[in-house]
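I have placed the structure first, in the form of structure tokens, so that the comments after it can refer back to it.
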Number of protein chains: 2
Amino acid sequence: MYTDLFLKTHRVPAITADEQAALEGASVRTVTYNARQIIVRQQTPLTQCTLLLEGFVERYKDTPEGRRQILAIHIPGDFVDLHSYPLKRLEHSVAALTDVRVALFPHPEIRALTKASATLTELLWRSTLVDAAINREWIVSIGARSAAIRLAHLFCEMYVRLQRIGQAPTLTFPLPLTQVDLADATGLTAVHANRMLRQLRERGMVAFRQGEVEILDWDALRRFAKFDPAYLFFE
Amino acid sequence: MYTDLFLKTHRVPAITADEQAALEGASVRTVTYNARQIIVRQQTPLTQCTLLLEGFVERYKDTPEGRRQILAIHIPGDFVDLHSYPLKRLEHSVAALTDVRVALFPHPEIRALTKASATLTELLWRSTLVDAAINREWIVSIGARSAAIRLAHLFCEMYVRLQRIGQAPTLTFPLPLTQVDLADATGLTAVHANRMLRQLRERGMVAFRQGEVEILDWDALRRFAKFDPAYLFFE
DNA sequence: CGTAGTCTTGACCCATCTCAAATGGTGTGG
DNA sequence: CCACACCATTTGAGATGGGTCAAGACTACG
């Protein structure tokens with residue numbers, strides 16, 4: 001079942017067994033990509049959407065100044081480019097962070113779903129908007145939080161999201177980013193990100209090494225980052 | 001016609017006259033708000049969506065640290081909280097920047113529209129995703145651009161958006177923000193924003209005073225900000 | 001076992017912030 | 001019509017968070 005994790009992440013509005021079957025049936029095939037492979041290049045016209053089944057994916061934009069800004073990190077169960085259905089092309093790129101497996105949903109199939117069920121439409125639409133809410137929280141992070149808090153906040157977010165799909169059963173979980181990636185996501189330089197990571201580790205809150213996060217003190221971390229998961233719309 | 005400006009901003013996918021009439025009919029009434037009045041408070045359950053007819057609106061989030069981050073600036077023709085239809089509540093607040101007039105669309109009416117037309121659904125969905133694309137461009141701005149460029153880029157964006165709805169016929173247009181607002185939108189302090197505004201003015205690119213932008217040299221400004229409007233999805 | 005990416009650390013610098021105060025509207029009440 | 005309060009803007013001086021540059025260490029992998 002391709003859509004199990006997606007439905008675990010998005011429980012509202014509730015859909016019927018028939019609707020779930022229709023959603024599942026809208027997928028035509030699965031594809032795999034290798035780590036660091038580009039899945040969608042910005043501005044390319046798209047005709048299908050990609051549901052992440054296994055592995056991690058990033059969305060990012062290269063700036064004219066030669067910098068790179070990571071816009072989102074996706075985990076299994078996320079539609080990484082469902083917004084390509086109404087938009088037809090994306091203004092950013094999508095790349096695999098690890099080896100990944102995805103299921104493809106052609107736009108016409110999605111259109112058929114929207115015709116068949118207003119509830120399913122609402123669910124799909126909603127999932128793209130939860131994504132946007134995460135974008136907005138990143139604006140707040142980058143615009144109004146200090147470097148250390150930005151990193152702490154990101155670790156909180158990824159922990160809670162992974163926990164929900166059952167992929168963070170303990171306080172140690174994979175986050176397959178380099179320190180450069182972490183810097184590109186938080187609007188910092190790699191050097192400063194490195195120093196802040198050390199600080200978070202030494203202060204006993206969280207340790208990041210080799211693409212793995214170990215939460216040393218969840219309560220301290222959550223308080224330090226002032227993390228409030230409301231923006232993730234779990235319900 | 002409440003939806004004229006909205007349809008001027010969002011031309012894709014094209015809808016029929018019947019669909020346009022249905023959209024128009026989904027609005028139950030108009031309301032006015034005074035400048036600086038809060039329209040939607042974060043986390044309040046919502047049962048209707050707000051289409052901005054006249055005036056300017058901001059979306060923002062107050063951080064636990066006591067800072068304020070502006071997330072979006074809306075102009076006539078924007079649905080300021082269409083995302084409340086699938087989300088049911090918002091994780092940010094919405095406030096009037098000027099005296100405004102809005103049209104209200106109850107969620108049940110919007111649901112009826114999604115049942116009636118897949119094309120109209122796509123159009124509405126798309127408009128929320130263009131909004132998200134703007135959010136992402138702001139992430140890039142705040143995360144990867146210098147202070148002066150952030151401001152220049154914002155002026156470019158507002159100019160192009162206002163131009164499209166016919167409200168920037170010349171190179172001078174209203175942008176009813178204070179310098180504090182401008183700073184809250186770009187992740188700067190008001191003091192630094194002030195200094196950068198002076199620099200942009202002295203370098204002959206753009207002058208901002210009393211809620212009004214005067215573009216002194218559009219080409220220079222556009223080049224300086226490396227502004228590419230692709231993320232606005234005009235088509 | 002060489003090469004390239006990643007991480008770490010040091011030293012220095014600068015873009016931006018903080019604090020503080022002066023200036024200049026503008027609306028209000030007397 | 002004046003005096004006052006309030007807010008937005010401007011400017012100065014000094015502090016600092018984070019950037020830049022550079023080098024060394026560690027790791028994975030062909």
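All values below were derived from every heavy atom in this structure, side-chain atoms included, with hydrogens, water molecules and symmetry-related copies excluded. Quick note on labels: first sequence line is chain A, next is B, and so on, each numbered from 1.
Counting heavy atoms from C-beta outward, B:Thr172 and B:Glu214 have side chains that approach closer than 4.5 Å. Within the 4.5 Å cutoff, side-chain heavy atoms of B:Ile215 are placed close to those of B:Phe173. Between A:Glu137 and A:His153, some side-chain heavy-atom pair lies under the 4.5 Å cut-off. The side-chain heavy atoms of B:Leu104 and B:Val31, taken from C-beta on, include a pair separated by under 4.5 Å.
Side-chain polar atoms of B:Arg145 and B:Ser141 form a donor-acceptor pair below 3.5 angstrom. Side-chain polar atoms of A:His107 and A:Ser84 form a donor-acceptor pair below 3.5 angstrom. Side-chain contact annotation: B:Trp138 with B:Gln69, donor-acceptor N/O pair under 3.5 Å absent.
Computed from coordinates, the A:Arg209 CZ to C:dT8 P distance equals 10 Å when rounded to whole Å. Taking atom CG of A:Asn194 as the reference point, atom C1' of C:dG10 lies 12 Å away to the nearest angstrom. In this structure, CZ of A:Arg198 is placed 20 Å from P of C:dT6, rounded to the nearest angstrom. For the pair A:His192 NE2 and C:dA11 C1', the computed distance is 16 Å after rounding to whole Å.
Listed by first then second residue, pairs satisfying side-chain hydrogen bond (donor to acceptor under 3.5 Å, both in side chains) with a partner in residues 193-205 of chain B read B:Gln179-B:Asn194, not counting sequence neighbours. Identified under the ring-ring contact (aromatic ring centres under 6.0 Å, His included) test for residues 194-226 of chain A, with sequence neighbours left out: A:Phe155-A:Phe208, A:Tyr159-A:Trp218.
Applying the salt bridge (charged side-chain N to carboxylate O under 4.0 Å, His left out) test to B:Arg68 and every residue at least two apart in sequence or in another chain returns B:Glu58, B:Asp181, B:Asp184. Here B:Thr98 pairs with B:Phe56, B:Val100, B:Pro176 under the side-chain contact (heavy atoms from CB on, under 4.5 Å) rule; sequence neighbours left out. With sequence neighbours left out, A:Lys88 forms a salt bridge (charged side-chain N to carboxylate O under 4.0 Å, His left out) with B:Glu122. The side-chain contact (heavy atoms from CB on, under 4.5 Å) test applied to A:Pro64 returns B:Lys226, not counting sequence neighbours.
In this structure, A:Tyr231 and A:Phe227 have perpendicular ring planes: the angle between them is above 60°, well past the 30° mark.
A heavy atom lying under 4.0 Å from DNA chain D marks the following residues of residues 141-159 of chain A, by number: A:Ser146, A:Ala147. Of the residues in residues 174-185 of chain B, not one comes within less than 4.0 Å of DNA chain C through any heavy atom.
Heavy atoms of A:Gly187 sit under 4.0 angstrom from primed sugar atoms or phosphate atoms, though from no base atom.
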Output a table of nitrogen or oxygen pairs between the protein and nucleotides 20-25 of chain C separated by less than 3.5 Å.
none

Distance-only donor-acceptor hits, side chain of residues 48-55 of chain B, under 3.5 Å, sequence neighbours excluded:
{"residue": "B:Thr50", "atom": "OG1", "partner": "B:Asp81", "partner atom": "OD1", "Å": "3.3"}
{"residue": "B:Thr50", "atom": "OG1", "partner": "B:Asp81", "partner atom": "OD2", "Å": "3.2"}
{"residue": "B:Glu54", "atom": "OE2", "partner": "B:Arg101", "partner atom": "NE", "Å": "3.2"}
{"residue": "B:Glu54", "atom": "OE2", "partner": "B:Arg101", "partner atom": "NH2", "Å": "3.2"}

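Looking at which nucleotide of DNA chain C each of A:Arg201 and A:Arg195 is closest to, the 5′-most match is held by A:Arg201. The nearest heavy atom of DNA chain D to A:Gln210 and to A:Ala190 marks one nucleotide each, and the one closer to the 5' end goes with A:Ala190.
When each of B:Arg126, B:Arg59, B:Arg136, B:His83 is checked for a side-chain hydrogen bond (donor to acceptor under 3.5 Å, both in side chains) with B:Asp131, only B:Arg59 meets the rule.
Where DNA chain D meets chain A (any atom under 4.0 Å from a heavy atom), the bounding nucleotides read 5' to 3' are D:dG18 to D:dC21.
In secondary-structure terms, DNA chain D builds stems of at least 3 consecutive Watson-Crick or G-U pairs, each pair having both distances under 3.5 Å, at C:1-30 with D:1-30.
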